There are 2 protein chains.
Amino acid sequence: MADSSDKKIAIDTIKSEMRKCFSEVGSFSDLELDAAVNLIGIKKFQKGELLLSEGDNAAQSYAVVTGCIRQYYLVDGEEKTTFFYTEGQSIFAPNSTSNRIPAKYYLSCVEDTTLTVITLTNQLEMYRRFPMLESLSRNSLQEELHNYQEMLANYITTNPEERYLNLLKHRPELLHRVPQYQLASYLGVTAESLSRIRKRIFIK
Amino acid sequence: MADSSDKKIAIDTIKSEMRKCFSEVGSFSDLELDAAVNLIGIKKFQKGELLLSEGDNAAQSYAVVTGCIRQYYLVDGEEKTTFFYTEGQSIFAPNSTSNRIPAKYYLSCVEDTTLTVITLTNQLEMYRRFPMLESLSRNSLQEELHNYQEMLANYITTNPEERYLNLLKHRPELLHRVPQYQLASYLGVTAESLSRIRKRIFIK
DNA sequence: TGTCGTTCTTATCCTAAGTCAATGGATTAA
DNA sequence: TTAATCCATTGACTTAGGATAAGAACGACA
């Protein structure tokens with residue numbers, strides 16, 4: 001099998017993507033780019049693997065390169081899905097180096113998944129050496145915050161059927177990548193209800 | 001009336017609070033503190049005033065000193081409340097200097113309210129001169145993002161009655177400061193339903 | 001004091017979603 | 001190939017919440 005060389009090539013592709021991304025926000029020498037990129041790791045996970053469990057002290061932030069990660073809470077023994085992270089989306093560590101709070105949720109791979117990983121310590125190191133990257137990070141945090149505000153607002157202002165139609169419109173690929181009962185939970189209804197909603201829409 | 005001197009005193013108090021806050025994250029000279037604080041304005045609004053309307057290009061971030069701000073969307077002529085900002089909470093501008101998107105929501109004063117205000121340009125100026133403050137900002141953005149993730153997760157995993165009980169537990173003061181029909185909308189139900197929920201809980 | 005507007009509550013009826021149980025299809029494992 | 005498992009669908013029944021309309025409580029204010 002050409003497995004290890006395949007992996008090698010893929011990782012090199014990702015690293016050069018990262019270099020390109022950093023080059024866009026500031027002018028760095030090749031050595032500096034090396035240093036920055038070397039603070040970031042790349043990890044592969046298999047379908048079903050858990051990145052994080054309730055109670056863990058999350059000290060890493062991730063970004064999805066390929067694949068799909070599901071965030072869920074365990075409430076009365078039931079999995080309540082609250083988000084799906086796909087290509088290009090970031091998962092920020094829920095705590096900082098100063099305050100370490102155990103996670104209340106799980107992160108599980110819906111598919112085989114490749115992620116970039118950066119530890120909290122490396123993150124600080126990176127900002128110390130390359131302040132431009134802290135600006136970049138602040139900006140993407142502000143955007144991400146804005147996204148979440150919109151998602152919350154959207155959730156409050158719509159009913160399950162509207163939410164399903166929204167999903168169909170804005171993230172249609174999810175419907176094929178994710179089992180329906182997980183989608184249902186994400187939309188805030190039971191699997192049975194989602195089935196009925198789909199039927200209702202189909203008839204219309 | 002001692003109105004203008006009252007106001008003066010209040011503003012001085014707020015400014016000294018800000019100096020204290022900045023001093024905690026880095027060592028600044030008095031002149032530097034002056035410079036930083038002078039980039040931030042203080043504004044008073046009356047109950048009912050609108051800070052922001054749908055379609056506006058928000059170029060300011062706020063923090064509530066005293067009072068209460070309601071965020072709401074107008075959907076089919078109906079106000080859908082999506083958040084209440086009270087003392088100590090920040091309202092981040094939904095867009096950056098680069099991308100200017102018109103706001104989709106309104107910000108309205110539930111009570112007479114005093115806010116600190118910083119424009120996007122002053123924000124950049126501040127980070128340029130005092131990089132420590134950019135770290136501070138990044139950290140609070142990360143915390144705020146985490147808050148929103150939890151709020152969304154909480155909204156997805158609970159029903160209206162549970163959400164009301166949560167509010168009772170975590171922000172009880174809101175129940176007295178905000179009219180019930182606005183709370184209802186925030187909880188994702190009609191005013192009539194919230195009335196029934198309250199009755200149900202009271203009987204138990 | 002009485003009137004008006006706003007907010008909250010109550011009643012009725014209807015619909016959407018939850019619950020429980022059963023079925024059938026699809027995929028995987030033996 | 002046959003079980004076994006997982007998942008989506010359907011049906012019957014219950015319940016919470018939406019829509020509408022009407023009345024009660026409250027406060028502002030002339």
Side-chain angles (χ1 to χ4, degrees), chain A residues 46-50 68 70 72-73 75-82 84 108-112 155-168 172 174-204, chain B residues 46-50 68 70 72-82 84 108-112 155-168 172-204:
Chain A
Q46 287 198 319
K47 178 174 174 174
E49 265 189 274
L50 284 176
C68 179
R70 177 170 67 106
Y72 66 89
Y73 288 69
V75 186
D76 304 326
E78 239 185 313
E79 293 184 3
K80 301 268 194 172
T81 299
T82 51
F84 295 100
S108 152
C109 296
V110 175
E111 311 167 344
D112 289 356
Y155 210 93
I156 293 179
T157 59
T158 57
N159 62 34
E161 178 170 335
E162 292 167 324
R163 291 202 278 272
Y164 180 75
L165 290 170
N166 271 335
L167 208 60
L168 207 62
L174 267 191
L175 308 199
H176 307 110
R177 296 172 75 170
V178 167
Q180 200 166 297
Y181 71 96
Q182 290 178 3
L183 274 183
S185 150
Y186 177 51
L187 295 173
V189 293
T190 60
E192 293 93 330
S193 278
L194 179 54
S195 182
R196 284 188 289 236
I197 288 171
R198 283 163 49 85
K199 193 178 171 186
R200 214 157 59 209
I201 291 170
F202 190 70
I203 289 170
K204 278 177 189 169
Chain B
Q46 288 198 318
K47 178 175 174 173
E49 267 190 271
L50 284 175
C68 179
R70 178 171 68 108
Y72 67 88
Y73 288 68
L74 211 54
V75 186
D76 305 325
E78 238 186 314
E79 293 184 2
K80 300 267 194 173
T81 300
T82 50
F84 296 99
S108 153
C109 296
V110 175
E111 310 166 346
D112 291 356
Y155 211 93
I156 294 179
T157 58
T158 58
N159 63 32
E161 179 170 334
E162 291 167 325
R163 291 202 279 273
Y164 179 76
L165 291 170
N166 270 334
L167 209 59
L168 207 62
E173 77 291 355
L174 267 190
L175 309 198
H176 307 110
R177 297 172 74 170
V178 167
Q180 200 168 295
Y181 71 95
Q182 289 177 3
L183 274 183
S185 149
Y186 177 51
L187 295 172
V189 293
T190 60
E192 295 90 334
S193 276
L194 178 53
S195 182
R196 281 189 290 232
I197 289 171
R198 283 162 50 85
K199 193 177 171 186
R200 215 158 57 209
I201 291 171
F202 189 71
I203 289 169
K204 277 176 191 168

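Source: prediction; values computed, not measured. Residue numbering restarts at 1 for every chain, and letters A, B, ... go by the order of the sequence lines.
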Taking atom P of D/dG18 as reference, at what distance in whole Å does atom CG of B/Leu187 sit? 11 Å
Look at the side-chain N and O atoms of A/Ser195 and state whether any lies under 4.0 Å from the OP1 or OP2 oxygen of D/dA8. no
Between D/dA16, D/dA8, D/dG11, which one does the side chain of A/Gln180 approach most closely? D/dA8
Describe, as an angle rounded to 10 degrees, how the axis at the first end of the helix from C/dT9-D/dA22 to C/dA30-D/dT1 is tilted relative to the axis at the last end, five pairs per end. 40°
Could you tell me the separation between the CD atom of A/Gln182 and the P atom of D/dC6, rounded to a whole number of Å? 13 Å
Without decimals, in angstroms, what is the distance between A/Leu183 CG and D/dC7 P? 13 Å
Separation of D/dT10 P from A/Leu194 CG (nearest whole Å): 12 Å
Start and end of the DNA chain C segment that chain B contacts, any atom under 4.0 Å from a heavy atom: C/dT7 to C/dT12
Minimum-distance nucleotide (side-chain atoms of A/Arg198 versus D/dT20, D/dG17, D/dT9): D/dT9
How long is the straight-line distance from CG of B/Leu183 back to CG of B/Leu174, given to the nearest 0.5 Å? 6.5 Å
Minimum heavy-atom distance between A/Thr82 and A/Tyr186, given as atom pair plus value: O-CE1, 3.4 Å
Nearest heavy-atom pair of A/Gln180 and A/Ser195: which atoms, and what distance? NE2-CA, 4.1 Å
In this structure, OG of B/Ser108 is separated from NZ of B/Lys47 (nearest 0.5 Å) by 10.5 Å
Is there a side-chain contact (heavy atoms from CB on, under 4.5 Å) between B/Tyr164 and B/Leu175? Walk through the geometry before answering. CA-CA 10 Å; B/Tyr164 179 76; B/Leu175 309 198; 3.8 Å; yes
B/Glu162 atom CD is separated from D/dG17 atom P, nearest whole Å, by 10 Å
Looking at every heavy atom in both B/Val110 and B/Arg70, which two are closest together, and how far apart are they? CG2-CB, 3.6 Å
Rounding to a whole Å, what distance do you find between B/Ile197:CD1 and D/dT15:P? 17 Å
Rounded interatomic separation in angstrom, taking CD from B/Glu192 and C1' from D/dA16: 14 Å
Looking only at heavy atoms, the pair that brings A/Lys80 and A/Val75 closest together is CG-CG2, 3.8 Å
Does the pair A/Arg198 and A/Leu194 meet the rule for a side-chain contact (heavy atoms from CB on, under 4.5 Å), with working shown? CA-CA 6 Å; A/Arg198 283 163 49 85; A/Leu194 179 54; 4.1 Å; yes
One pair to check against side-chain contact (heavy atoms from CB on, under 4.5 Å): B/Ile156 and A/Tyr73. What are the steps and the verdict? CA-CA 10 Å; B/Ile156 294 179; A/Tyr73 288 69; over 6 Å; no
B/Glu161 atom CD is separated from D/dT15 atom C1', nearest whole Å, by 12 Å
Comparing B/Arg196 with B/Ala191, nearest DNA chain C nucleotide closer to 5' gives the residue B/Ala191
